[in-house]
Every structure is written in C-alpha cells, then in structure tokens.
Engineer: 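Please find one structure pasted underneath; my questions will follow.
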Amino acid sequence: MEINFIFGIKKRMDAVCQIINGYYLNKRRVVVYSNEYDILCKLNIMLWTFKDVSFIPHSFYQKKNNCEEEYIIISDYLSQTSHIKNNEMLLVNMSNILPLCYNDFDCVVEIVTEDEQERSEARSRWRTYKNDGHILTSCHFNDLVFSK
C-alpha cells in the first residue's frame, strides 16, 4: 500500500478541496475521513461551492444513505462503511489519528498543515505506517500536479 503525505498546507479546507478535485477529475473513488464531525460538515459545504462554475459531486455518509455510486464520500464512520469500500479506493485522512481500517484502501493520503503540533502528530503516523511496511512518499502541496 502507498501512503502519501502532503505537506505545506496553509488553508486546509481549500487544499483538501483541490486535492479531492484532482482525484475526482482522474476518476478515483475517494473516502474522506475525519474524527471531527464539524470539519466534515464544513468540507461538505465547501465541495458544493468550491468552484464558481462547477462543484464536486459527493455524498456525506450516513446510515440511511449508502453512497455506493458516488466517487467522493465523506465519513466519520469508517468502520461502518465496509460495504462500500474496495481495494481501488483512496482514503484521505483529515484526522489527527491513524484510522484503524486504513489497510482496507488502495492508498492513503495524509494532509498536513504547517502547524507544529499537527506536524508532530503526522510524524508519529509516518513512523507507524513505516513500521507496518508501507511505501511512504511525501510532497509539498505546491508541487502537486493532477493530470487527467
């Protein structure tokens, strides 16, 4: 499994929208996870209004909404979404913890702001991923290029 850390983010939510949009344009199925419900609610709104002339179609996972057909799924219930996950899906982790079921995904993207506390927590997750034998890459947000 590949784990990508994206560093150098100043405005987290704008950057997350850009990253998700890049994966969406490349037709990658994405699950965005955070253990903070308020962050996901804000992201949900931003994905509908991200661009002036378009939006990023997505679903906010809830028990009554299976979201099986969506490319972009937002959830704080990763353990309850096993029926929609497959090994081709990408997990964007917006939390400060390592999701327990991250191995269910083809790839994990960790988004790290310039905040020193957050960077320290990301270093801890990096060590865990490395100790688990995963392939790790890192890049600066400004170096990201999404080609279609």
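Just so you know, these numbers come straight off a predicted model, no measurement behind them.
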Engineer: Could you walk me through whether Asp106 and Met89 pass side-chain contact (heavy atoms from CB on, under 4.5 Å), step by step?
Structural biologist: CA-CA 6 Å; Asp106 178 48; Met89 292 183 88; over 6 Å; no
Engineer: Would you call Arg123 and Glu116 a salt bridge, taking side-chain N to carboxylate O under 4.0 Å as the test?
Structural biologist: yes
Engineer: May I ask you to check whether Tyr129 and Tyr102 place their ring centres under 6.0 Å from each other?
Structural biologist: yes
Engineer: Among Asn4, Asn103, Ile3, Leu136, find the residue that satisfies the side-chain contact (heavy atoms from CB on, under 4.5 Å) test when tested with Val108.
Structural biologist: Ile3
Engineer: Give me the atom names and distance for the closest heavy-atom approach of Val16 to Met94.
Structural biologist: CG1-SD, 3.8 Å
Engineer: For a quick test of reading the model, state the closest non-hydrogen atom pair linking Met46 to Asp14 and the distance between them.
Structural biologist: CE-OD1, 3.1 Å
Engineer: Please confirm whether the backbone N or O of Cys139 pairs with a side-chain atom of Asp143, one donor and one acceptor, at under 3.5 Å?
Structural biologist: no
Engineer: Restricting to non-hydrogen atoms, name the atom on Leu98 and the atom on Arg125 that form the minimum distance, rounded to 0.1 Å.
Structural biologist: N-CD, 3.8 Å
Engineer: Would you name the heavy atoms of Tyr23 and Val30 that are closest together and state the gap between them?
Structural biologist: CB-CG2, 3.8 Å
Engineer: Would Ile135 end up clustered with Phe7 when hydrophobic side chains under 4.5 Å apart are linked, directly or stepwise?
Structural biologist: no
Engineer: Distance-only, no hydrogens or angles: does the Arg119 side chain make a donor-acceptor pair with backbone N or O of Val112 under 3.5 Å?
Structural biologist: no
Engineer: If hydrophobic clusters are built from ILVMFWY residues whose side chains come within less than 4.5 Å, do Ile19 and Ile45 share one?
Structural biologist: no
Engineer: Please answer whether the main-chain N or O of Thr113 pairs with a side-chain N or O of Glu118 as donor and acceptor at a distance below 3.5 Å.
Structural biologist: yes
Engineer: Pick one: which of Asn35, Asp104, Leu91 meets side-chain contact (heavy atoms from CB on, under 4.5 Å) with Pro99?
Structural biologist: Leu91
Engineer: With a 4.5 Å heavy-atom cut-off, do Lys42 and Met13 have their side chains touching?
Structural biologist: yes
Engineer: Quick one: do the Ser95 and Asn93 side chains pair a donor with an acceptor below 3.5 Å?
Structural biologist: yes
Engineer: Between Thr128 (side chain) and Ser124 (backbone), is there a donor-acceptor pair under 3.5 Å?
Structural biologist: yes
Engineer: Between Asp115 (side chain only) and Gln117 (backbone N and O only), is there a donor and an acceptor less than 3.5 Å apart?
Structural biologist: yes
Engineer: In sequence, state the C-alpha distance, the side-chain angles, and the governing distance for Glu114 and Arg12, and then conclude on salt bridge (Lys or Arg N to Asp or Glu O under 4.0 Å).
Structural biologist: CA-CA 10 Å; Glu114 295 176 337; Arg12 172 185 283 264; over 6 Å; no
Engineer: Measuring from Phe5:CZ to Ile111:CD1, what's the distance to the nearest 0.5 Å?
Structural biologist: 11.0 Å
Engineer: Could you give me the CA-CA distance, side-chain angles and deciding distance for Ser138 and Trp126, then say whether side-chain contact (heavy atoms from CB on, under 4.5 Å) is met?
Structural biologist: CA-CA 10 Å; Ser138 68; Trp126 176 284; 4.0 Å; yes
Engineer: What is the minimum heavy-atom distance between Leu90 and Arg28, and which atoms define it?
Structural biologist: CB-NH2, 3.7 Å
Engineer: To the nearest 0.5 Å, how far apart are CG in Asn96 and CD in Glu36?
Structural biologist: 6.0 Å
Engineer: Hey, mind stepping through Val92 and Glu110 against side-chain contact (heavy atoms from CB on, under 4.5 Å) and telling me if it holds?
Structural biologist: CA-CA 6 Å; Val92 174; Glu110 291 270 354; over 6 Å; no
Engineer: Output, in order, the C-alpha distance, side-chain angles, deciding distance and verdict of side-chain contact (heavy atoms from CB on, under 4.5 Å) for Leu43 and Ile20.
Structural biologist: CA-CA 11 Å; Leu43 179 64; Ile20 291 170; 4.2 Å; yes
